[in-house]
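So you know, we letter chains A, B, ... as the sequences are listed, proteins then strands, and number each from 1. What you see is a predicted model, and the numbers here were worked out from it, not measured in a lab. Below, all heavy atoms of this structure are taken into account, side chains as well, without hydrogens, waters or symmetry copies.
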Protein chains: 2
Amino acid sequence: MSLPHAILTALLEKPSSGLELTRRFDRSIGYFWSATHQQIYRELGKLESDGLIRALPAEQPARGQKKAYEVLPAGRAELARWTAAAQDPKPQRDALLLRLRAAAVVGTAGLEADLARHLDLHRRQLAEYQDIERRHFPPGRDGPEDRLRHLVLRAGIDLETFWTRWLAHALAEVAGLSGVTGGTASSDGAGTTPPR
Amino acid sequence: MSLPHAILTALLEKPSSGLELTRRFDRSIGYFWSATHQQIYRELGKLESDGLIRALPAEQPARGQKKAYEVLPAGRAELARWTAAAQDPKPQRDALLLRLRAAAVVGTAGLEADLARHLDLHRRQLAEYQDIERRHFPPGRDGPEDRLRHLVLRAGIDLETFWTRWLAHALAEVAGLSGVTGGTASSDGAGTTPPR
DNA sequence: GGACACATGTAAACCGTTACATGATTCT
DNA sequence: AGAATCATGTAACGGTTTACATGTGTCC
């Protein structure tokens with residue numbers, strides 16, 4: 001139940017067409033709320049028929065034409081309501097942690113490469129966030145909106161910092177175990193490097 | 001596409017019935033892969049008809065009877081395959097960060113209480129993880145499976161540590177702004193406390 | 001035997017993903 | 001005119017969530 005509110009936020013920051021929104025959901029807002037263009041178009045239609053946004057008048061009802069939307073007062077009110085409402089955190093789902101737990105039972109064979117790949121992905125993301133911080137939040141300059149946006153960015157930076165550290169540690173650990181780990185009653189006997 | 005593998009992992013750790021699995025998905029595995037009992041029963045049926053698990057023979061085909069499952073060799077092989085396969089990280093979705101970004105536009109009114117509540121929830125979770133670490137991973141004792149499980153737990157601890165720190169910081173920031181923040185062309189004029 | 005917790009299951013609504021369709025604009 | 005790109009949209013599928021249904025064992 002958050003996609004409509006993500007769109008309302010994006011539209012308040014800047015009225016946009018569906019494709020422009022899609023682009024922005026690939027950066028910025030998309031860093032913590034991703035969405036595909038199909039979701040966005042579907043939701044834009046719903047928001048419009050609910051009277052929360054409206055298409056900017058541009059006399060182009062045709063199919064391949066740009067159609068920009070802006071937020072109506074009712075939409076702003078709904079976003080304010082949602083922002084202030086109590087919400088429980090979503091239960092976690094992390095496939096990588098699950099895979100490590102599975103590896104404790106079936107062995108770590110083949111895991112190392114993907115851990116290294118994830119480490120690289122998180123390092124890149126971290127670098128991107130730090131770059132944004134350098135460009136958008138130079139020391140000293142922050143109005144009230146900037147402080148909140150900076151706070152959000154700090155969460156991203158600190159999270160990626162955590163993941164890069166943890167993955168580096170995990171990689172060292174898995175490399176140390178190298179090969180056969182577990183499987184109490186395993187039936188697969190593929191040979192791997194024995195511990196020295 | 002990870003729920004079946006979460007179930008396979010849980011069943012390898014200990015053969016269980018549907019309800020027992022549901023209980024374990026409220027703790028342990030559920031800390032990083034949540035699932036409801038309906039998902040679990042449906043998936044158990046699918047896994048059984050796919051020949052990856054089987055019901056332990058207990059001569060109880062009736063409805064209100066416990067039915068325990070164990071993993072077959074094909075199931076173990078599938079889990080090993082999945083564990084080693086490359087997988088891209090899922091795009092992030094965090095409603096709380098989205099709400100802060102929204103608050104930069106519609107104001108922070110009402111946010112503080114829920115931030116404080118989240119901080120409390122994360123503190124409790126952190127305490128629970130630390131308690132598990134104390135009980136299950138006393139210093140010095142670790143076989144190879146334990147090292148991996150401990151690694152997973154460390155991720156949980158470090159993540160919760162991050163969130164408690166970040167939320168404490170966010171709370172101080174939002175309290176500092178107290179009240180009206182943004183809205184460039186707002187139409188709602190509800191009065192809040194002015195900055196002193 | 002009535003109430004309650006245990007245990008498994010069905011049904012429907014909702015959201016997200018993937019594949020495809022179609023019109024408009026621009027470039028060669 | 002044909003190809004590529006921009007822009008919006010439809011359709012189908014699959015996973016998740018929520019509500020409800022049903023049977024069993026136990027306790028008073």
Side-chain angles (χ1 to χ4, degrees), chain A residues 1-8 10-11 15-26 29-30 32-50 53-56 58-69 82 87-95 98, chain B residues 1-8 10-11 15-26 29-30 32-50 53-56 58-69 82 87-95 98:
Chain A
M1 284 301 291
S2 303
L3 177 57
H5 304 98
I7 293 178
L8 287 172
L11 285 181
S16 309
S17 70
L19 196 63
E20 283 163 0
L21 280 177
T22 303
R23 298 265 150 78
R24 293 169 60 195
F25 272 81
D26 283 339
I29 289 204
F32 45 91
W33 204 274
S34 68
T36 64
H37 81 273
Q38 291 83 347
Q39 285 179 275
I40 289 170
Y41 283 121
R42 202 195 318 168
E43 205 61 45
L44 282 173
K46 220 184 282 181
L47 287 168
E48 188 178 24
S49 72
D50 287 353
I53 64 176
R54 65 163 187 176
L56 284 176
E59 348 280 304
Q60 287 144 330
R63 190 170 176 123
Q65 301 303 107
K66 256 195 194 175
K67 202 162 67 176
Y69 293 91
W82 175 82
Q87 286 173 230
D88 285 328
K90 277 257 148 176
Q92 285 296 321
R93 279 204 184 148
D94 191 296
L98 185 57
Chain B
M1 283 296 293
S2 303
L3 177 58
H5 304 98
I7 292 177
L8 286 172
L11 285 180
S16 309
S17 69
L19 196 63
E20 281 163 1
L21 279 177
T22 304
R23 297 267 148 78
R24 293 169 59 195
F25 272 81
D26 283 339
I29 291 205
F32 45 90
W33 202 274
S34 67
T36 64
H37 81 271
Q38 292 85 347
Q39 284 177 277
I40 289 170
Y41 283 119
R42 187 166 7 128
E43 203 63 43
L44 282 173
K46 220 183 282 181
L47 287 168
E48 187 177 25
S49 71
D50 288 353
I53 64 175
R54 65 161 187 178
L56 285 176
E59 350 278 305
Q60 288 146 326
R63 191 173 175 121
Q65 300 303 106
K66 257 195 196 177
K67 203 162 68 175
Y69 293 91
W82 176 81
Q87 288 173 228
D88 285 327
K90 278 258 150 176
Q92 285 296 322
R93 285 213 177 137
D94 190 296
L98 185 58

- Looking at C:dT17, D:dT8, D:dT17, which one has an atom nearest to any side-chain atom of A:Q39? C:dT17
- Could you state the NZ-P distance from B:K90 to C:dG16, rounded to the nearest angstrom? 11 Å
- Nearest heavy-atom approach of B:Y69 to B:L44 is CE1-CD1, 3.7 Å
- Could you state the atom-to-atom distance from CG of A:L21 to P of D:dG9 in whole Å? 12 Å
- Determine the minimum heavy-atom distance between A:A10 and A:F25, stating which atoms define it. CB-CE1, 4.3 Å
- Specify the separation, in whole Å, of atom CG of B:L47 and atom P of C:dT8. 15 Å
- Item | Nearest-angstrom distance from the residue atom CD1 of B:I40 to P of D:dG15 | 15 Å
- Note on the structure: The answer to which of B:G18 and A:A35 contacts DNA chain C further toward the 5' end, by nearest nucleotide, is B:G18
- Message: Between B:L11 and B:L21, is there a side-chain heavy-atom distance shorter than 4.5 Å?
- Response: yes
- Whole-Å gap separating C1' (D:dT10) and CG (A:L44): 16 Å
- Query: Which nucleotide sits closest to the side chain of B:L19: D:dT16, D:dA7, C:dT8?
  - Reply: C:dT8
- C:dA7 P sits how many Å from B:R24 CZ, rounded? 15 Å
- With axes from five pairs an end, tell me the bend angle of the helix from C:dG1-D:dC28 to C:dT28-D:dA1, nearest 10°. 0°
- Message: Heavy-atom nearest nucleotide on DNA chain C for B:E20 versus B:P91: which residue maps closer to 5'?
- Response: B:E20
- Message: Are B:S16 and B:R24 packed together at the side-chain level, in the sense that at least one heavy-atom pair is separated by less than 4.5 angstrom?
- Response: yes
- The side-chain contact (heavy atoms from CB on, under 4.5 Å) partners of A:P91 (sequence neighbours excluded) come to B:S34
- Can you check whether A:T22 has a side-chain N or O nearer than 4.0 Å to OP1 or OP2 of D:dA7? no
- Query: Can a side chain N or O of B:K67 be found less than 4.0 Å away from OP1 or OP2 on C:dG9?
  - Reply: yes
- Query: Is the shortest side-chain N/O distance from A:R93 to OP1 or OP2 of D:dT16 below 4.0 Å?
  - Reply: yes
- Message: Run the side-chain contact (heavy atoms from CB on, under 4.5 Å) test against A:Q39 and tell me which residues pass, sequence neighbours left out.
- Response: A:L3, A:A35, A:T36, B:R93
- Task: Check the distance between C:dG9's P and B:R42's CZ and give it to me in whole angstrom.
- Result: 13 Å
- Of all the choices, D:dC20, D:dT10, D:dT16, which nucleotide is nearest to the side chain of B:Q38 once you look at every atom? D:dC20
- Per atom distances to the A:H37 side chain, the nearest of C:dG9, D:dT8, D:dG15 is D:dT8
- Output the single nucleotide from D:dT16, D:dG9, C:dC15 whose closest atom is nearest the side chain of A:Y41. D:dG9
- Message: If I take atom CD1 from residue B:I29 and atom CG from residue A:L98, how far apart are they, to the nearest 0.5 angstrom?
- Response: 6.5 Å
- Quick one: B:L56 CG to C:dA7 P, roughly how many Å, whole number? 16 Å
- Would you mind reporting whether B:Q87 and B:W82 have side-chain heavy atoms less than 4.5 Å apart? yes
